[in-house]
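Predicted model, so just to flag it, every value in this text is computed and none were measured.
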Amino acid sequence: MREYRPNEIEKKWQEIWDEKEIYKAEIDQSKPKFYALVEFPYPSAEGLHVGHPRPYTAMDIVARKKRYQGYNVLFPMGWDAFGLPTENFAIKNKIHPAIVTKRNIQRFKSQLKSIGFSFDWSREISTTDPEYMKWTQWLFLKFYEHGLAYKKEMPINWCTSCKIGLANEEVVNNACERCGGEVVQKVKNQWMLKITEYADRLIDDLDTVDFIDRVKLQQTNWIGRSNGMEIDFQVAGKEDKLRVFTTRPDTIFGSTYMVIAVEHPLIEKYKDEIENFHEIVEYRGEVSKKSEIERTDLSKEKTGIEIKGLTAINPATGKEIPIWVSDYVLMSYGTGAIMAVPGHDERDWEFADKFGLPIVEVIQGGDIRKEAYTDTEDGILVNSDFLNGLSVKDAQEKISDWLEEKGLGQRKVNYKLRDWVFSRQRYWGEPIPLVHCDECGWVPVPEEDLPVLLPDVENYEPTDTGESPLATIDEWVNTTCPTCGKPAHRETDTMPNWAGSSWYFLRYLDPQNDKEFASREAIDYWMNVDWYNGGMEHTTLHLLYSRFWHKFFYDIGLVSTPEPYQKRTSHGMILGDNNEKMSKSRGNVVNPDDIVRDYGADTLRTYEMFIGDFEKSAPWSENGVKGCRRFLERVWKLQEIVVEGSDYTKELESSIHKAIKKVSKDFDTLKFNTGIATLMSLSNEFYDYGSITKKDLETFLILLNPVAPHITEEIWQQVGLEGYLHESTWPDYDESKTKDEVIQMPIQVNGKLRATIEISVDASQEEIKDAALKDENVQKFIQDKSIVKEIFVKGKIFNLVVK
RNA sequence: GCCGGUGUGUCGGAACUGGAAGACGAGACAGACUCAAAAUCUGUUAUCCGCAAGGGUGUGUGGGUUCGAGUCCCACCACCGGCACCA
């Protein structure tokens, strides 16, 4: 027998698989289909790190197993290649981002190939390819045509020193990451996508898909649906009304003041009448430096200013109340104004307490002198006129009816979810394919002119007016109106990187199609994605965005299903060996190339799956890698003890059936670590027994193959098993053979283990009791006490309760 | 801060639906092989008391439910992911 040399055999088998095109997926109506999807990577300059292969290996195992079970599997891979780091690298090194991207993709691809994933490379896509961009732009225009893309004034991060717009990530402690300059919020007119129109369906349709609970919960909470009322408060002596949203209209009699966001339009409108306008502008300046997280921090010291010269009328009490501004009220949630009820809202209570505003109790049960009373279960209304004596629930109904009858408010569903800011003032993204004409307004670029390509520019940095670098290229910006032919100019904002990743799973179905984004036949055959695995960090953005896009496509008849993904799971991160997130700056990055070179791809794959619970993060350990290599060496050496004969080894029969059952189940439920542990134990049993029949080896190799595809295929060939392993089928097991006839039954006295007895699995309670009472140790603990209760769980436990 | 999650030997982790805590792997220790080391093989390994049989303690902390809790409930602590222009 030869030595185990992974580098040789891995290369050999990768070439054979490539040549035979066994992972190429074609539409085949005679087989059930299975679409397995992993999140496509962003090809960074650093190359792959060992975190990448974890989800890829997991889904590779699923894909390979499904093929053995007779499914027609689609398992594609591509590149989410637009992005800031590439652009920044290009700026710094004066090199075109397209060149950087191409280089990075080549690197990533060769790294992935060396690990032996069963991707169908014939379907490889990159979001930056013109043929791909064309359809991203085309799909964006569908949103525009259906009124779901619109322009709105939105704040961007503005570095006062570089005079350019910054991404959130480039803002560190309110300062510019590059120059350290001060960052403020500056308003800019931007393209928005109306995701809020789909808020209800994005929540409700979660019931129709198989996502892990924490993903569903997090999406639901992110969308943040709440039922309440919009209520109008008259601004005293003025035409205007201040509209607020509240989920607690029942507490309206306790509303003793109002708070509006610093950005609220009322402030500008009445600037001449606001006595302390200066002071408010100054405060607004301070607030513009804060992030939303800082603004809404519950534990921070409250700040705010009373607007002098404007007051409002509480529609329930008819009393005049002051209006304040404070940073904790956001223009982006609700109406940008709140009715403050300090007696029954924690934040309002602290605010009122600090500024000496009146606190009125309207729900009995707490002590509002000490803290806000927020209980909605048992509270009874007081100091609330016609609501007095009602429960919170009844009061909510009554006041809502009353306000609606009087025309002072209406019931309203509100969401935390906000519309999606779709504009970026960046170079490395898809140009938004719209042209502005003074006569015709915004006009879509006609389909035959797509894609709108990026022009070459000298400088990739955003401009000092806050516009995209494209704005400086006159010959690109200046064009003619597709409708009237008069001079017009192109939109210079580009799309966020989320655009390409919002529909890539559809392009995989038909990646070379130059007539459509994907053919209907391909969509109908392959969709939905049967299993999509990705990081938890994408739950509320990418995963929600792509569901939104797909739902819209469904509505306009482009796709045949209302949800894109049938099942969604999530993996944990791989940390450095110091238990911290892998990063260049921490110096704890492990490159998979080194592991493949020193130990082999199969060892890398086995270790990544054995490292721990797939759904949790786990620190890298070189010793753990060695352990997995040791296991594969032992598997290799099974060749030394293999014996002829196609019969099962009777003595190990039960272990083999149990292993088939356990491994099959574990691979379907992401329990790869225990699946591999089962195979380790089984191989140990073969060694303990001293030999393994060809038939048992065959079963063992198929079970291990999805994890370690190269070594198993090689051993298969070496020992002369029939055909190729990749042509075989997944083994079945016999349920009756997985059951033990004799078991070790734990005997407890008062819940503590005192003995174990070996007994038939079918033994009755009486038989077990007799045997238990014969045990010396059990007797010792019973002695003269009397048995008051017996607890018997068949096959599990027998417990005697004594007194 | 808000939303979601996690916490078990020296380390990674295992434990079905509330039923023997620590599978499997790593590390360590001891032994075999070797001039020696590495590799490999064998054994031991939660902790405390005990020669042993056996017993006490033990799953982040404090409480509770139960014959029985890592698992369920309440309160708290620590850490991780996300917070809308990183991907």
ask   = When all nucleic acid strands are considered with a 4.0 Å heavy-atom cut-off, which category describes A/L575: base, sugar-phosphate, or nothing?
value = nothing
inquiry  = By the 4.0 Å heavy-atom rule, please label A/P619 as base, sugar-phosphate, or nothing.
reply    = sugar-phosphate
ask   = If you look at every strand shown and take non-hydrogen atoms under 4.0 Å, does A/R754 touch a base, only sugar-phosphate, or nothing?
value = sugar-phosphate
request  = For the pair A/T136 (side chain) and A/G500 (backbone), establish whether a donor and an acceptor sit closer than 3.5 Å, ignoring hydrogens and angles.
outcome  = no
message = Under 4.0 Å, counting only non-hydrogen atoms across every strand here, what does A/R214 touch: a base, just sugar-phosphate, or nothing?
response = sugar-phosphate
note = The salt bridge (charged side-chain N to carboxylate O under 4.0 Å, His left out) partners of A/D666 (sequence neighbours excluded) come to A/K662
message = Need one value for A/E633: base, sugar-phosphate or nothing, where a base atom within 4.0 Å counts as base even if backbone is also close, heavy atoms only.
response = nothing
ask   = Mind checking who B/A75 pairs with, Watson-Crick or G-U wobble, both distances under 3.5 Å?
value = B/U61
ask   = When all nucleic acid strands are considered with a 4.0 Å heavy-atom cut-off, which category describes A/H538: base, sugar-phosphate, or nothing?
value = base
query = With A/F40, which residues qualify under ring pair (Phe, Tyr, Trp, His ring centres under 6.0 Å), at least two apart?
reply = A/Y504
inquiry  = What contact category does A/L84 fall into here, base, sugar-phosphate, or nothing, at under 4.0 angstrom with non-hydrogen atoms?
reply    = sugar-phosphate
request  = Write down the distance separating the P atoms in B/G64 and B/C49, rounded off to the nearest Å.
outcome  = 30 Å
message = Could you check whether A/W428 and A/F82 have their ring centres less than 6.0 Å apart?
response = yes
inquiry  = Would you measure the distance from the C1' atom in B/A20 across to the matching atom in B/G58 and give it in whole Å?
reply    = 15 Å
ask   = Looking across every strand, which nucleic acid part, if any, lies under 4.0 Å from A/L298 by heavy atom: base, sugar-phosphate, or nothing?
value = sugar-phosphate
query = Given the C1' atoms of B/C77 and B/A39, what is the spacing between them in whole Å?
reply = 47 Å
request  = Would you kindly compare A/S621 and A/R426 by the position of their nearest RNA chain B nucleotide and give the one closer to the 5′ end?
outcome  = A/S621
message = Side chains of A/H538 and A/E39, heavy atoms from C-beta outward: is any pair under 4.5 Å?
response = yes
inquiry  = What contact category does A/F781 fall into here, base, sugar-phosphate, or nothing, at under 4.0 angstrom with non-hydrogen atoms?
reply    = sugar-phosphate
request  = Measure the shortest side-chain to side-chain distance between A/V761 and A/K739 over non-hydrogen atoms and say whether it is less than 4.5 angstrom.
outcome  = no
request  = Under the side chain to side chain donor-acceptor pair (under 3.5 Å) rule, collect the residues that match up with A/N750, sequence neighbours excluded.
outcome  = none
Identified pairing partner of B/C29, criterion: Watson-Crick or G-U wobble below 3.5 Å = B/G43
inquiry  = Counting the atoms with a prime plus P, OP1 and OP2 as sugar-phosphate, which does A/Y42 contact under 4.0 Å by heavy atoms, base, sugar-phosphate, or nothing?
reply    = sugar-phosphate
C1' atoms of B/C11 and B/A46, separation to the nearest Å = 13 Å
Assigned partner base of B/C85, Watson-Crick or wobble definition, under 3.5 Å = none
ask   = P atom, B/G60 versus B/U66: distance in rounded Å?
value = 23 Å
ask   = Mind checking which nucleotides bracket the chain A contacts on RNA chain B, 5' to 3', with an atom under 4.0 Å from a heavy atom?
value = B/G1 to B/A87
inquiry  = Categorize A/I156 for me: base, sugar-phosphate, or nothing, with a 4.0 angstrom heavy-atom threshold over every strand shown.
reply    = base
ask   = Base, sugar-phosphate alone, or nothing: which one does A/M745 contact when heavy atoms must sit under 4.0 Å apart?
value = nothing
request  = For B/C24 versus B/U34, give the span between their P atoms, rounded off to a whole number of Å.
outcome  = 30 Å
ask   = NA contact type, A/K780, heavy-atom cut-off 4.0 Å: base, sugar-phosphate, or nothing?
value = sugar-phosphate
request  = For B/C76 versus B/G70, give the span between their P atoms, rounded off to a whole number of Å.
outcome  = 23 Å
request  = Could you tell me which nucleotide pairs with B/U66 by Watson-Crick or G-U wobble geometry, both distances under 3.5 Å, or answer none if nothing does?
outcome  = none
note = pair_partner(B/A36), Watson-Crick or wobble, both distances < 3.5 Å, evaluates to none
ask   = Which part of the nucleic acid, if any, lies within reach of A/I791 when heavy atoms closer than 4.0 Å are counted: base, sugar-phosphate only, or nothing?
value = base
query = Partners of A/W498 by ring pair (Phe, Tyr, Trp, His ring centres under 6.0 Å), sequence neighbours excluded?
reply = A/Y545
inquiry  = Using Watson-Crick or G-U wobble geometry with both distances under 3.5 Å, which nucleotide pairs with B/G22?
reply    = none
query = Can you tell me how far C1' in B/G22 sits from the matching atom in B/U47, rounded to whole Å?
reply = 13 Å
request  = Nearest-nucleotide wise, let me know which of A/N799 and A/G624 is further upstream toward the 5' end of RNA chain B.
outcome  = A/G624
message = I'd like to check the salt bridge (charged side-chain N to carboxylate O under 4.0 Å, His left out) partners of A/R107; sequence neighbours left out, ordered by chain and number.
response = A/D593
inquiry  = Taking side chain to side chain donor-acceptor pair (under 3.5 Å) as the criterion, tell me which of A/N497, A/N104, A/D80, A/T86 meets it with A/Y42.
reply    = A/T86
query = Taking O4'-C1'-N9-C4 for purines and O4'-C1'-N1-C2 for pyrimidines, is B/G9 syn (within 90° of 0) or anti?
reply = syn
